[in-house]
Peer 1: 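Once you've had a glance at the structure underneath, I'll fire off some questions.
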Amino acid sequence: MRTSRPVAGSLAVLGYIIMIVPILFVVATSFTGGRTLRFPPEGFSLQWFEAALTYDPFISALVSSLQLALIATVLALAIGIPATLAIHRGAIPGKGVIEGLFLSPLIVPELVVGLALYQQLMIGFGLANFETLLLGHTVLMLPYAVRVTGASLALADPALEEAARGLGASPLRAFFTITLPLLRPGIFSAGLLSFLTSFNNVPLSLLLQSRDFRTLPVTMLDYVQQSYDPMVAAMATLILAGTVVIAVIAERTVGFAKIFGGINR
Amino acid sequence: MNAAAEFAGVSQVFGDFTAVDSIDLRIAQGKLTTLLGPSGCGKTTTLRMLAGYAAPTSGRIDIDGVDSTRTPPEKRNLGMVFQSYALFPHLTVAENVGYGLKLRRVPAAERQQRVQETLELVGLGHLAASKPKKLSGGQQQRVALARAIAIRPKLLLLDEPLSNLDARLRVHMRAELRRIQSETGLTVVLVTHDQDEALEMSDDMVLMRAGRIMQQGAPQDVFPNPANRFVADFLGYENFLTAADGSVLAVRPEHLDVLPVGGPTAAGGLALDATVTDVAYRGVDMLVTVRTVDASGADVRLISDVRSDGLSTVSIGDVVTVTAPPSRLVAMAAEVPEPVR
Amino acid sequence: MRTRTPALLLLPGLALLLIGFLIPSVVMLFAPPGVTAADIFGRLGAMLSDPYDLRIIGRTVGLGLIVTGICVALGFPIAYLLARSTSRWAGVLLALAIFPLLLSNVVRTFGWLVVLGSNGAIGQLLTGLGLVDAAPQLLYTELAIVLGLTQLFLPLAIISCYSAVAQVDAGLDDAARGLGASRGRTFWTIVIPLSLPGIVVAATLVFAGAVTAYTTPYLLGGSSQRMLSTQLFSYASVTIDWAGASATALIMTVLVFLVSGLSSLVARKGATS
């Protein structure tokens with residue numbers, strides 16, 4: 001394929017280099033035995049992993065980020081799935097407008113939403129930064145919940161639920177025994193995407209930080225600004241490893257491509 | 001006569017699957033040749049190799065006497081009509097038909113004229129400005145045909161061109177294709193799995209199975225003389241009997257008569273006592289299924305297609321004599337061995 | 001009862017959207033604390049005539065366009081090769097293109113510090129080979145931002161183009177070749193026009209992402225190569241200039257809405273013609 005299409009092939013190679021190679025450099029430098037971020041790394045050691053895992057600000061930020069991502073994901077699903085059901089199955093007027101409303105957090109720049117929440121809720125309303133972050137992240141995850149589960153709901157035949165009703169199941173029972181299991185892959189995908197989006201978020205979280213509750217990506221950004229040592233590389237490598245594990249789980253359960261029905265608008 | 005195309009020892013192997021197994025094939029100039037066979041027999045692969053979309057694993061393909069085995073499709077100047085039609089959805093009918101002419105740098109005025117002529121030939125002169133999506137299946141098929149003809153190809157290749165049309169239109173298009181072929185004098189290669197289509201349209205038919213050619217010839221020669229059991233089966237010989245010498249005799253259902261036991265039978269013909277197991281009334285005719293024992297001692301099931309008015313009454317369980325005149329018994333080699341694939 | 005259920009199911013979501021998104025956003029954009037809408041639009045006017053602010057806006061839009069161009073130019077061929085390939089490696093390569101979307105932007109962008117930094121790979125390579133005396137300044141340049149943003153948004157471009165190319169029947173390629181078109185000709189006259197909607201989507205996503213990204217200009221552009229996003233952050237948290245922050249947020253939002261509107265207009269026009 002490459003020999004017959006030299007131009008497309010070269011562009012593709014260039015594209016993959018830009019996408020992948022910097023990530024490999026992060027991994028390589030995280031194992032350095034030296035004191036600075038330089039390439040090629042000087043010797044091999046695990047000292048920076050040890051440093052990262054015993055550096056309090058990183059660890060508490062990691063715990064905070066996991067906590068935030070987990071709660072925001074659960075909240076977004078708990079609020080988003082019922083809304084999706086209402087939009088797709090309910091007899092309500094203006095479905096298109098309502099669905100558009102639920103997807104609207106995707107189009108407004110996250111930094112702008114972050115600024116709005118910081119100014120209006122944290123400063124104006126005195127809301128604590130964890131609550132503000134949680135609110136913001138849940139709003140940001142809502143489109144994923146609505147879109148991804150909506151896509152699998154559209155594939156589920158409404159006649160199945162009717163058949164269950166005909167066999168004597170109550171509406172609630174029909175939903176929990178028939179429709180919900182059919183939505184499981186969609187819900188799983190939405191949850192996974194939401195979790196990662198929340199965990200990795202910078203622009204929305206940027207202004208919503210406090211001394212007591214900071215998220216990991218923002219903490220790492222701050223650290224890079226102050227110090228140029230490979231500890232961040234080690235932390236980045238650990239995040240990479242965690243993401244790979246999640247990606248493998250995703251591939252084994254629902255398949256990679258399906259999940260990205262959600263990101264691709 | 002000169003061959004428009006010639007295959008010599010051509011094979012196509014995908015991994016451990018042999019799609020086409022060392023075939024030799026001559027496509028006669030100015031004739032309509034059909035490649036006929038069940039799905040997976042290698043007919044479409046053969047056509048795609050001829051068109052240049054698939055390179056043979058081994059062997060040689062000459063087009064117009066020139067070795068074209070490795071020539072890319074765009075250099076072959078063959079017109080191909082795809083099963084899916086493959087019309088360019090973003091171009092109008094006229095732009096579709098003119099696409100190949102534009103590539104050949106035919107001046108705009110001449111191009112327009114040739115497009116219009118070709119569209120008239122297929123009866124779509126009035127639809128030049130439409131987009132393909134707006135057309136019916138039959139019309140799309142004609143556009144695909146016009147697009148292939150417009151470049152004045154050395155050969156016109158048709159891949160199951162009628163299979164996506166409804167039954168009535170399909171029969172009509174067979175005649176249309178023959179008309180267009182005789183008006184243009186093009187050499188046509190048509191792939192089909194429909195034996196009626198092949199019989200009705202071909203000058204020359206090539207029966208394929210499992211990547212091999214089973215028989216080639218004019219329909220008038222092939223139909224009454226199938227070379228082996230596969231060909232006979234494919235052409236609708238439903239009754240097979242093993243003779244005492246081990247050879248196979250085939251009889252078409254309409255040539256098998258059902259008579260009361262003990263009636264007169266033609267000398268040298270077939271006459272077997274049998275038990276009726278099923279009777280299906282079909283209006284003009286009836287299908288009578290019987291069980292009997294052939295000369296080799298094997299238990300066989302035969303189907304007779306008799307005119308409803310020619311037979312008084314037959315019911316399940318009746319004992320009858322099934323007969324066929326000697327001229328209707330086709331002897332052939334026993335089952336061809338299944339090739340290793 | 002049955003007719004009211006759907007409305008009840010929507011209620012929590014709508015409340016969340018109002019409190020956590022719509023009301024704060026509108027108030028922030030048009031009436032932040034101690035500032036009137038008139039102040040914001042006055043500030044907007046001043047920004048659009050101030051050379052320093054104009055340079056930031058120009059850099060944001062300009063780099064956004066460049067990154068969009070590069071991402072489409074690289075992403076489309078990748079999508080095309082992957083969609084048309086029958087090799088089993090195509091699946092692996094597609095997964096490799098999608099994976100970065102799951103990975104933190106901080107992690108991905110951090111890699112460029114290692115590659116472009118003064119002790120980084122390229123600098124060391126150039127000085128090591130004796131081509132230059134001192135490593136050239138690569139970090140904190142517009143080039144660094146372009147590379148970083150391209151890395152970030154190329155996967156998005158690939159996915160959008162991929163779903164578009166995959167929908168173009170490969171039989172059309174065959175048909176065009178059979179009519180005498182070379183591979184290149186087939187690509188430009190058949191594949192590209194038919195994938196245009198996907199390309200428009202890709203371009204929109206990349207542009208909207210590039211002009212609002214924060215991590216990349218912050219890490220790779222530094223304070224010398226400000227973009228709208230880094231400028232907004234500095235108004236909001238360093239100078240606490242609410243009018244400036246709102247005006248900058250308005251520019252960013254309008255930019256994104258503008259390209260989204262434009263692209264859906266193009267898509268609609270493409271659908272009707």
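Note on naming: letters A, B, ... go to the chains in the order of the sequence lines (proteins, then strands), and numbering restarts at 1 for each one.
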Peer 1: Which pair of non-hydrogen atoms, one from P93(A) and one from I98(A), has the smallest distance, and what is that distance?
Peer 2: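 Smallest interatomic distance, heavy atoms only, reads O-CD1, 4.0 Å.
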Peer 1: Side chain, backbone, both or neither: which part of I158(C) has an atom under 4.5 Å from a heavy atom of chain A?
Peer 2: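 Side chain only.
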Peer 1: Could you tell me whether the side chain of T149(A) reaches within less than 4.5 Å of the side chain of L85(A), counting heavy atoms only?
Peer 2: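 Sidechains of T149(A) and L85(A): no contact.
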Peer 1: Consider only side-chain N and O atoms of T215(A) and Q209(A), and report whether a donor and an acceptor are under 3.5 Å apart.
Peer 2: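 Present: a donor and an acceptor within the cut-off.
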Peer 1: Is it the backbone or the side chain of L221(A) that comes under 4.5 Å from a heavy atom of chain C, or both, or neither?
Peer 2: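 When you check distances to chain C, atoms from both the backbone and side chain of L221(A) fall under 4.5 Å.
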Peer 1: Quick check against the 3.5 Å criterion: does Y16(A) have a side-chain atom that pairs as donor or acceptor with the backbone of L93(C)?
Peer 2: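 It does hold such a pair.
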Peer 1: Heavy-atom distances under 4.5 Å only: say whether F76(C) touches chain A with side chain, backbone, both or neither.
Peer 2: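 It is neither, since no heavy atom gets under 4.5 Å.
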Peer 1: Top residue by heavy-atom pair count (under 4.5 Å) with chain A, among A202(C), P77(C), G117(C)?
Peer 2: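 Most heavy-atom pairs under 4.5 Å with chain A: P77(C).
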Peer 1: Could you point out which residue of V232(A), D229(A), T237(A) forms a side-chain contact (heavy atoms from CB on, under 4.5 Å) with W48(A)?
Peer 2: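 The single option meeting the side-chain contact (heavy atoms from CB on, under 4.5 Å) with W48(A) is D229(A).
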Peer 1: Would you mind checking which part of L232(C) comes under 4.5 Å of any heavy atom in chain A, side chain (CB onward), backbone (N, CA, C, O), both or neither?
Peer 2: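 Only the side chain of L232(C) comes within 4.5 Å of chain A.
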Peer 1: Thinking salt bridges, do D173(C) and R84(C) make one under a 4.0 Å N-O criterion?
Peer 2: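 Looking at D173(C) and R84(C), the cut-off is met.
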Peer 1: Indicate the atoms forming the closest heavy-atom contact of I239(A) with M220(A), along with that distance.
Peer 2: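 What the structure gives for the nearest pair is CD1-SD, 3.7 Å.
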Peer 1: Looking at V113(A), L14(A), V218(A), L101(A), which has the largest count of heavy-atom pairs under 4.5 Å with chain C?
Peer 2: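 If we count pairs closer than 4.5 Å to chain C, L101(A) comes out on top.
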Peer 1: I'd like to verify something: which residue of G75(C), A245(C), G148(C), A97(C) has the highest number of heavy-atom pairs under 4.5 Å with chain A?
Peer 2: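 Answer, by heavy-atom pair count under 4.5 Å with chain A: A97(C).
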Peer 1: Need one label for Y80(C): side chain, backbone, both or neither, based on atoms under 4.5 Å from any heavy atom in chain A.
Peer 2: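 For Y80(C), the side chain is the part near chain A, not the backbone.
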Peer 1: Quick one: which of L103(C), T253(C), V115(C) has the most heavy-atom pairs under 4.5 Å with chain A, could you say?
Peer 2: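 Among L103(C), T253(C), V115(C), the one with the most close pairs to chain A is L103(C).
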Peer 1: Quick check on A73(C) against chain A: is it the side chain, the backbone, both or neither that has a heavy atom closer than 4.5 Å?
Peer 2: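 The answer is the backbone of A73(C).
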Peer 1: At a 4.5 Å cut-off on heavy atoms, which part of L113(C) comes close to chain A: side chain, backbone, both, or neither?
Peer 2: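 For L113(C), heavy atoms of backbone and side chain both lie under 4.5 Å from chain A.
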Peer 1: Quick one: which of G222(C), P155(C), A15(C) has the most heavy-atom pairs under 4.5 Å with chain A, could you say?
Peer 2: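 Most heavy-atom pairs under 4.5 Å with chain A: P155(C).
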Peer 1: So what's closer than 4.5 Å to chain A heavy atoms on A236(C): side chain, backbone, both or neither?
Peer 2: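 For A236(C), heavy atoms of backbone and side chain both lie under 4.5 Å from chain A.
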Peer 1: Heavy-atom cut-off 4.5 Å, strictly under: side chain, backbone, both or neither for T138(A) against chain C?
Peer 2: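 T138(A) touches chain C through backbone and side-chain heavy atoms alike.
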Peer 1: Is a donor from one side chain sitting under 3.5 angstrom from an acceptor on the other, for Q151(C) and W112(C)?
Peer 2: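 Their side chains do contain a donor-acceptor pair, which is all the 3.5 Å distance test asks for.
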Peer 1: Between V202(A) and chain C, with a heavy-atom cut-off of 4.5 Å, which part of the residue counts as in contact: side chain, backbone, both or neither?
Peer 2: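 Side chain only.
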Peer 1: Check S65(A) against P217(A) and note the closest heavy-atom contact, atom names and distance.
Peer 2: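 Reported closest heavy-atom pair: OG-CD, 3.8 Å.
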Peer 1: Does R108(C) use its side chain to pair, donor to acceptor, with the backbone of P100(C) at less than 3.5 Å?
Peer 2: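 At least one qualifying donor-acceptor pair exists.
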Peer 1: Most heavy-atom pairs under 4.5 angstrom with chain C, which of A145(A), P105(A), G242(A), G136(A)?
Peer 2: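 Top count of heavy-atom pairs under 4.5 Å with chain C: P105(A).
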Peer 1: Under 6.0 Å between ring centres, would you say that holds for Y218(C) and F233(C)?
Peer 2: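 Ring centres of F233(C) and Y218(C) not closer than 6.0 Å.
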Peer 1: For the side chain of T219(A) and the backbone of F58(A), is there at least one donor-acceptor N/O pair under 3.5 Å apart?
Peer 2: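 Absent.
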Peer 1: Under the criterion side chain to side chain contact (heavy atoms under 4.5 Å, CB included), I'd like the reasoning laid out for V112(A) against S25(C): C-alpha separation, chi angles, the key distance, then a yes or no.
Peer 2: CA-CA 7 Å; V112(A) 172; S25(C) 300; 5.6 Å; no
Peer 1: Is S198(A) reaching over with its side chain to a backbone N or O of S194(A), donor-acceptor style, under 3.5 angstrom?
Peer 2: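 Such a contact is absent between S198(A) side chain and S194(A) backbone.
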Peer 1: Count the heavy-atom pairs under 4.5 Å between each of L24(A), L140(A), V27(A), I20(A) and chain C, then report the option with the highest count.
Peer 2: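 Most heavy-atom pairs under 4.5 Å with chain C: I20(A).
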Peer 1: Side chain, backbone, both or neither: which part of V107(C) has a heavy atom under 4.5 Å from chain A?
Peer 2: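 Answer is both: backbone and side chain atoms of V107(C) are under 4.5 Å from chain A.
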Peer 1: V27(C) versus chain A, heavy atoms under 4.5 Å apart: side chain, backbone, both or neither?
Peer 2: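 It is both, since atoms from each part get that close.
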Peer 1: Under a 4.5 Å heavy-atom cutoff, which of G128(C), A95(C), A79(C), S237(C) has the most pairs with chain A?
Peer 2: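 Highest number of heavy-atom pairs under 4.5 Å: A95(C).
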Peer 1: Heavy-atom distances under 4.5 Å only: say whether L16(C) touches chain A with side chain, backbone, both or neither.
Peer 2: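 It is both, since atoms from each part get that close.
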Peer 1: So which part of S260(C) gets closer than 4.5 Å to some heavy atom of chain A, the side chain, the backbone, both or neither?
Peer 2: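 Only the side chain of S260(C) comes within 4.5 Å of chain A.
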Peer 1: At a 4.5 Å cut-off on heavy atoms, which part of L14(C) comes close to chain A: side chain, backbone, both, or neither?
Peer 2: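 Interface part for L14(C): both.
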Peer 1: Checking heavy atoms, do the side chain of I18(A), its backbone, both or neither come under 4.5 Å from chain C?
Peer 2: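 For I18(A), backbone and side chain are both near chain C.
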Peer 1: For chain A, which of T204(C), T212(C), L154(C) has the most heavy-atom pairs under 4.5 Å?
Peer 2: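 Highest number of heavy-atom pairs under 4.5 Å: L154(C).
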Peer 1: Between A78(A), G80(A), S104(A), A28(A), which shows the greatest number of heavy-atom pairs under 4.5 Å with chain C?
Peer 2: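 The option with the most such pairs is S104(A).
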Peer 1: With F199(A), which of T243(A), L216(A), I246(A) fulfils side-chain contact (heavy atoms from CB on, under 4.5 Å)?
Peer 2: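 Testing each of T243(A), L216(A), I246(A) against F199(A), the sole residue satisfying side-chain contact (heavy atoms from CB on, under 4.5 Å) is L216(A).
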Peer 1: Below 4.5 Å, heavy-atom pairs only: which of A8(A), P203(A), A247(A), P109(A) has the largest tally toward chain C?
Peer 2: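 Going by pairs under 4.5 Å, I would pick P109(A).
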Peer 1: Does any backbone or side-chain atom of L255(C) lie under 4.5 Å from a heavy atom of chain A? Answer side chain, backbone, both or neither.
Peer 2: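 Neither part; nothing is under 4.5 Å.
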Peer 1: Judged by modelled atom types alone, do S205(A) and H137(A) share a side-chain donor-acceptor pair under 3.5 Å?
Peer 2: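 Judged by distance alone, the side chains do pair up.
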Peer 1: Taking every heavy-atom pair that is under 4.5 Å apart, which of L240(A), L206(A), V21(A), N201(A) has the most such pairs with chain C?
Peer 2: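 Ranked by contacts with chain C, first place is L206(A).
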Peer 1: Hey, are the side chains of I123(A) and W242(C) touching, using non-hydrogen atoms and a 4.5 Å cut-off?
Peer 2: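 Heavy-atom side-chain distance check passes, below 4.5 Å.
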